[in-house]
**Student:** 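Dropping the structure in here first, questions after.
Every number for a ligand or one of its atoms is a count from 1 in the order of the listing. Here the structure is a predicted model, which is why all the values come from computation and not from measurement. Counting from 1, the numbers follow the sequence of the chain as shown.
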Amino acid sequence: MLTLVINAGSSSLKYQLFDMSKQTVLAKGICERIGIPGGKNKHTVNGETYEMDYPMNTHFDAIRIVTERLTDPETGVIRSMKEISAVGHRVLHGGQKFSGSVLINDAVLDAIAECIPLGPLHNPANLIGIRACTEVMGDVPQVAVFDTAFHQTMSPKAYLYAIPYEYYEKYDIRRYGFHGTSHRYVSKRAAEILGRPLSELKMITCHLGNGSSLAAIDGGKSVDTSMGLTPLEGVPMGTRSGSIDPAIVGVLCNRESKTVNEVVDALDKQSGVLGISGVSSDFRDLDAAKEAGNERAALALQIFAYNVRKYIGSYAAAMNGVDVIVLTGGIGENNTDLRPEILGGLEFMGVKIDAEKAASREKNVDISTPDSRVRVMVVETDEELVIAMDTVEIVSKQ
Ligand code: ADP
């Protein structure tokens, strides 16, 4: 079964075509700078990447380019888009309406549109991506996989902010959480690798990438997570501040004569480890700068690791214990230098790391010592594959 996965952002559209009979990727790529001069498509097939300049006014143009690339005699892997049995879409915000992936119909499209105030940059792009596929591919079944859905199991004590209750009632302001596809997948994979039932495990999954979030998962259900109404809350990230005293926004508006939107934009795009270090949002650059003696790069890395460790401690408290800690995402899977910083201060709760294993880049492994009370796993995430798997499961039930 050929399944196309689409991840439409505000000015980009990523795609991967899977052969789900073998769970392999046949081709993948990205259309960048949609609606901005300098549009580009990067398309990878059989290990070879083709780059082409394409002006793209809308996501409809991007889907047409995806069609062209996938069916082109040189760069293509299929003769016609009719060979694709289903399309899975990553949708950012499902609000309180979606607690799982769903087959897209008119009612689902309306519900995604109703969540636009919660995901103003992404949900409109996701909707255009879906409509563009309908235009180009006709009535192919399409599935929506929400970043927020997995965390809908949180209880009110975890998802409500201590602000006037009417704001929740009037505007749905609450914690939703993100990276749900990744937290769900790696928690399942970790249990599989350990050969233990997920239903009996208390897990803390740490998705550490450009955006980072942690989730407390008790018996396979998300009970708390660090991102909130938006992906700005939680640990400091590449360019996002993570949680700060909200009064800082008022102080900065006054002192810098900026609007609220300008300050929030700075918290989103100029903060996090980039803001602290002044060097980069990329942890590889920070490691190199630290190595070269840059103290603020070293400080940024310390602040990141310290905050991740604090969340791990608080989630162990939230669940009255933890059996497994999972590291995933670009940083969680690859940045071995941060592991001692994050996990080193958790001996008090029974975390013992095998230094040799923790220094290795191996994935889907346990890096704790045999006598550690808490298992610590590095698990490779694959959000696109999960979207494809959900899509096949839902479509084959129809
Ligand atoms: P996104 O949130 O955009 O999916 P990723 O999960 O790819 O981001 O994570 C990006 C971060 O992961 C970067 O800061 C980068 O430094 C780090 N990273 C990714 N791959 C590697 C690698 N092979 N070695 C070290 N760090 C890596």
Side-chain angles (χ1 to χ4, degrees), residues 5-16 25 28-30 32 42 44 90 92 119 121-122 125 145 147-148 177-186 189 205-215 225-227 230-242 268-292 294 296-305 307-308 326-342 358-365 367 378-387:
V5 171
I6 298 286
N7 181 355
S10 50
S11 66
S12 71
L13 185 142
K14 292 187 200 146
Y15 58 94
Q16 286 197 20
V25 178
K28 64 178 178 179
I30 180 167
E32 289 171 296
K42 272 189 220 155
T44 305
R90 178 182 193 179
L92 182 81
L121 291 181
H122 289 85
V145 179
D147 256 41
T148 51
F178 297 86
H179 291 141
T181 319
S182 178
H183 289 296
R184 169 164 59 105
Y185 176 70
V186 298
R189 276 294 285 139
T205 49
C206 313
H207 178 108
L208 311 177
N210 280 320
S212 295
S213 71
L214 286 85
T225 190
S226 59
M227 284 179 169
T230 75
L232 190 50
E233 194 183 347
V235 292
M237 307 174 210
T239 62
R240 292 176 224 157
S241 63
D268 205 22
K269 302 197 181 110
Q270 294 158 28
S271 302
V273 293
L274 169 68
I276 300 279
S277 68
V279 172
S280 172
S281 62
D282 192 297
F283 280 62
R284 279 168 289 202
D285 298 341
L286 294 176
D287 281 338
K290 177 183 164 183
E291 203 64 28
N294 185 311
R296 268 172 47 196
L299 182 62
L301 290 164
Q302 257 180 14
I303 291 173
F304 176 80
N307 276 278
V308 172
V326 180
L327 300 177
T328 192
I331 297 163
E333 291 168 33
N334 299 298
N335 192 315
T336 53
D337 289 354
L338 274 176
R339 290 177 189 167
E341 295 240 13
I342 293 173
S360 136
R361 285 276 183 90
E362 214 181 323
K363 291 175 187 149
N364 303 322
V365 289
I367 59 167
V378 177
V379 177
E380 189 170 23
T381 194
D382 191 338
E383 288 167 280
E384 281 76 16
L385 177 63
V386 185
I387 294 171

**Student:** To the nearest 0.5 Å, tell me how far N307 CG sits from M237 CE.
**Tutor:** 10.0 Å
**Student:** Say you draw a straight line from CG of D282 to CG of L274; how long is it, rounded to the nearest 0.5 Å?
**Tutor:** 11.0 Å
**Student:** Flag G209 as yes when one of its N or O atoms lies below 3.5 Å from any N or O atom of ligand 1, and as no otherwise.
**Tutor:**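 No: no nitrogen or oxygen of G209 is under 3.5 Å from one in ligand 1.
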**Student:** Please report whether atom 16 (O) of ligand 1 has a protein non-hydrogen atom at a separation of less than 4.0 Å.
**Tutor:**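 Neighbour list for atom 16 (O) of ligand 1 includes protein heavy atoms (cut-off 4.0 Å).
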**Student:** Tell me which protein heavy atom sits closest to atom 6 (O) of ligand 1, plus the residue, atom name and distance to 0.1 Å.
**Tutor:**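 Ranked first by proximity to atom 6 (O) of ligand 1 is G330 N, 2.8 Å.
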**Student:** Which of the numbered atoms in ligand 1 are under 4.0 angstrom from any heavy atom belonging to G211?
**Tutor:**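 Close to G211: 2 (O).
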**Student:** I need the nearest protein heavy-atom contact for atom 26 (N) of ligand 1: residue, atom name and distance, please.
**Tutor:**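 Residue, atom and distance for the closest contact: R284 CG, 3.5 Å.
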**Student:** How close does the nearest protein non-hydrogen atom get to atom 14 (O) of ligand 1, and which residue and atom is it?
**Tutor:**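 Minimum-distance protein heavy atom for atom 14 (O) of ligand 1 reads F283 N, 2.9 Å.
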**Student:** So among I387, V386, V5, which one has a side chain to side chain contact (heavy atoms under 4.5 Å, CB included) with V145?
**Tutor:** I387
**Student:** Which residues pass the side chain to side chain contact (heavy atoms under 4.5 Å, CB included) test with I276, sequence neighbours left out?
**Tutor:**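 Partners of I276 by the side chain to side chain contact (heavy atoms under 4.5 Å, CB included) criterion, ordered by chain and then number, come out as L299, A300, I303.
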**Student:** Applying a 4.0 Å heavy-atom criterion (strictly less than), which segment of R361 is in contact with ligand 1: side chain, backbone, both, or neither?
**Tutor:**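 The answer is the side chain of R361.
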**Student:** Give me the residue, atom name and distance of the protein heavy atom closest to atom 23 (N) of ligand 1.
**Tutor:** N334 CG, 3.6 Å
**Student:** Does ligand 1 have any atom that is closer than 4.0 Å to a heavy atom of G238?
**Tutor:**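 No.
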**Student:** Tell me, do N364 and R189 make a side-chain contact under 4.5 Å, heavy atoms counted?
**Tutor:** yes
**Student:** So, is N210 polar-close to ligand 1, with some N/O to N/O distance under 3.5 Å?
**Tutor:** yes
**Student:** Rounded at 0.5 Å granularity, tell me how far CD in E380 sits from OG in S182.
**Tutor:** 11.0 Å
**Student:** If you measure from NZ on K28 to NZ on K42, what distance do you get to the nearest 0.5 Å?
**Tutor:** 11.5 Å
**Student:** Hey, are the side chains of H179 and T225 touching, using non-hydrogen atoms and a 4.5 Å cut-off?
**Tutor:**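 When only atoms from C-beta onward are counted, T225 and H179 do not touch, as no gap falls below 4.5 Å.
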**Student:** Checking a contact table here: which protein heavy atom is nearest atom 11 (C) of ligand 1, and how many Å away?
**Tutor:** I331 CG1, 3.7 Å
